[in-house]
Amino acid sequence: MRIERIELHTIGMPLVRPFETSFGRQTERQVLLAHVVADGVDGWGECVAGTTPDYSSEYVDGCRIVIERFLAPVLLAANDVTAAALDGLFAGVIGHRMAKATLEAAVLDAELRSTGTSFGERLGAVRDRVECGVSVGISPDIETLLAEVEGYVDEGYRRIKLKIKPGWDLEPVARVREVIGSLPLQVDANTAYTLDHVDHLRRLDEFGLLLIEQPFVEEDIAAHVLLADSIETPVCLDESITSTGIAIDAIERGATSIVNIKPGRVGGYLEAVSIHDACRSLDVPVWCGGMLETGIGRAMNVALAALPGFALPGDTSASGRYFAEDITEPFVLDDGYLSVPTGAGSGVEVRHDLLRHWALTEPVVLSRP
Ligand code: SMG
Ligand code: MG
């Protein structure tokens, strides 16, 4: 394909409720969207980076600049672009995986739309719907948390994930466990603990958790090995896993026995499939993480989560868990599942009225030289 134009849209979507993690609290989801036009076909990609560089070093404004200055010019100068070739085309830019993944998604979407193929078909989906969990932020108090969790259970979510940090862990977990009975439960620390907390974290074992996600800073694989050796709850890495090689290394060292796969964190959907394949060959279950995606990223994540190795419910919640209105047709929970879109590309359409309504900046428009 020849990429004729790339547009970058930055929008702010109000969240239905604030989302708090050990990094901080957000009331709006700022999102960078890439729209490519290739051989007359449109493709859309969503950037998972947040407003501030807390979950990772990437952030919305930084990704827009990296795409505008370094990645888009490479795409616009190439005569024949395929999603599979982007890894090579972008090799001169180190890191910036979320920025790269944004363009990969848009190119893949255009490519698939031009051949009438869905994301699910392209990635290797084996299911037509996926089991959904929900990630519950840190609450102002336990009663508010319990009310929120009960609401999600009533909506049909099949797994609850609680955000934890020092000072907000054993008690919320114990109280939620009481309320939800045997419903699958897991926790996510977003790097908030240190090795000094190992004895404390072991007390989570009594709650029969599916896993504990990313307790320590992402570079410290060795600390996760130590914890995994002394706790019964399976340790699952999120932030640490940025490539297939790192995933294999972390698994072989015993740092992670379950892997959270987020395409944006690893540079795109094709690398996400590669991590899935590697984990599957090592008998390590994976699940699809979430970054408060709009319908664009959600459609693609749901397709990914339908691959055979995705053995646990994902943070692939319904649109209504995040937004009163989505930028595409909304994803609606049915008996705890979301359906894998079947239309060409992502299978969803972007609402241009909302794109303008939520715009935070003028779109950046880049064309062939
Ligand atoms: O998309 O439902 C969602 C959010 C899931 O908890 C979630 N994501 O570390 O897994 C994670 C967090 C990262 C986003 S908050 C910075
Ligand atoms: Mg996480």
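In this text, all values refer to a predicted model and were calculated from it rather than measured experimentally. Read the numbers this way: they start at 1 and go in the same order the structure lists the ligands and their atoms.
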Colleague: Answer yes if the ring centres of Y269 and F119 are under 6.0 angstrom apart, and no otherwise.
Modeller: yes

Colleague: Within less than 2.8 Å of the Mg ion (ligand 2), any N, O or S from E239?
Modeller: no

Colleague: M291 versus ligand 1: do any nitrogen or oxygen atoms come within less than 3.5 Å of each other?
Modeller: yes

Colleague: What atoms of ligand 1 come closer than 4.0 angstrom to any heavy atom of K161?
Modeller: 6 (O), 7 (C), 10 (O), 11 (C)

Colleague: Below 2.8 Å, can you find an N, O or S atom of D315 next to the Mg ion (ligand 2)?
Modeller: no

Colleague: Using side-chain heavy atoms (C-beta onward) and a distance below 4.5 Å, is L366 in contact with R5?
Modeller: no

Colleague: W358 ring centre to R29 NZ or CZ under 6.0 Å, with the angle to the axis within 45°?
Modeller: no

Colleague: Looking at F19, which atoms of ligand 1 are within less than 4.0 Å of one of its heavy atoms?
Modeller: 6 (O), 15 (S)

Colleague: Considering only protein heavy atoms, which is closest to atom 1 (O) of ligand 1, and at what distance to one decimal place?
Modeller: L292 N, 2.8 Å

Colleague: Would Y55 count as a polar contact of ligand 1, with the cut-off being nitrogen or oxygen pairs under 3.5 Å?
Modeller: no

Colleague: Taking the side chain as every heavy atom from C-beta outward, state whether P166 and Y193 have any atom pair closer than 4.5 Å.
Modeller: yes

Colleague: May I have the step-by-step check of salt bridge (Lys or Arg N to Asp or Glu O under 4.0 Å) for R202 and D205, ending in yes or no?
Modeller: CA-CA 6 Å; R202 285 174 56 184; D205 278 344; 5.4 Å; no

Colleague: For ligand 1, which is the ligand I care about here, please tell me if G290 has any N or O atom under 3.5 Å from one of the ligand's N or O atoms.
Modeller: yes

Colleague: Of all N/O/S atoms in E213, which lies nearest to the Mg ion (ligand 2)?
Modeller: OE2

Colleague: Inspect the surroundings of CG in D39 and state if more than 12 heavy atoms from other residues, nucleotides or ligands are less than 6.0 Å away.
Modeller: yes

Colleague: Ligand 1 and S317, any nitrogen or oxygen pair closer than 3.5 angstrom?
Modeller: no

Colleague: Short N/O distance, under 3.5 Å, between N190 and ligand 1?
Modeller: yes

Colleague: Any idea which protein heavy atom is nearest atom 6 (O) of ligand 1, and the distance to it?
Modeller: S135 OG, 2.7 Å

Colleague: Applying the 4.5 Å side-chain criterion to the ILVMFWY set and letting contacts propagate, would L112 and V41 be lumped into a single cluster?
Modeller: no

Colleague: Are the aromatic ring centres of H276 and W287 under 6.0 angstrom apart?
Modeller: no

Colleague: Measuring from non-hydrogen atoms of K262 to any atom of ligand 1, is the shortest distance under 4.0 Å?
Modeller: yes

Colleague: Do V31 and W44 belong to the same hydrophobic cluster, where Ile, Leu, Val, Met, Phe, Trp and Tyr are linked whenever their side-chain heavy atoms lie under 4.5 Å apart, directly or via other members?
Modeller: yes

Colleague: Taking the N/O/S atoms of D238 one by one, which is nearest to the Mg ion (ligand 2)?
Modeller: OD2

Colleague: Taking distance alone, with N or O pairs closer than 3.5 Å, would you say D188 contacts ligand 1?
Modeller: yes

Colleague: Output yes when the distance from some N or O of ligand 1 to some N or O of N260 is under 3.5 Å, and no in every other case.
Modeller: no

Colleague: Is the shortest N/O to N/O distance between Y322 and ligand 1 below 3.5 Å?
Modeller: yes

Colleague: Before signing off on this row, confirm whether K163 and ligand 1 have an N or O atom pair separated by under 3.5 Å.
Modeller: yes

Colleague: Check D169 with K163, please: is the shortest side-chain N to carboxylate O separation under 4.0 Å?
Modeller: no

Colleague: Is there any N or O on D238 that sits under 3.5 Å from an N or O of ligand 1?
Modeller: yes

Colleague: Any side-chain heavy atom of V235 within less than 4.5 Å of one from L211?
Modeller: no

Colleague: Out of curiosity, L33 CG to T294 OG1, how far, rounded to the nearest 0.5 Å?
Modeller: 5.5 Å

Colleague: H352 vs H35 aromatic rings, parallel, tilted or perpendicular, using cut-offs 30° and 60°?
Modeller: perpendicular

Colleague: Report, in ascending order of atom number, the atoms of ligand 1 lying under 4.0 Å from any heavy atom of E213.
Modeller: 10 (O)

Colleague: Consider ligand 1: state whether an atom of it lies below 4.0 angstrom from any non-hydrogen atom of R321.
Modeller: no

Colleague: Considering just N/O/S atoms, say which atom of D188 is closest to the Mg ion (ligand 2).
Modeller: OD2

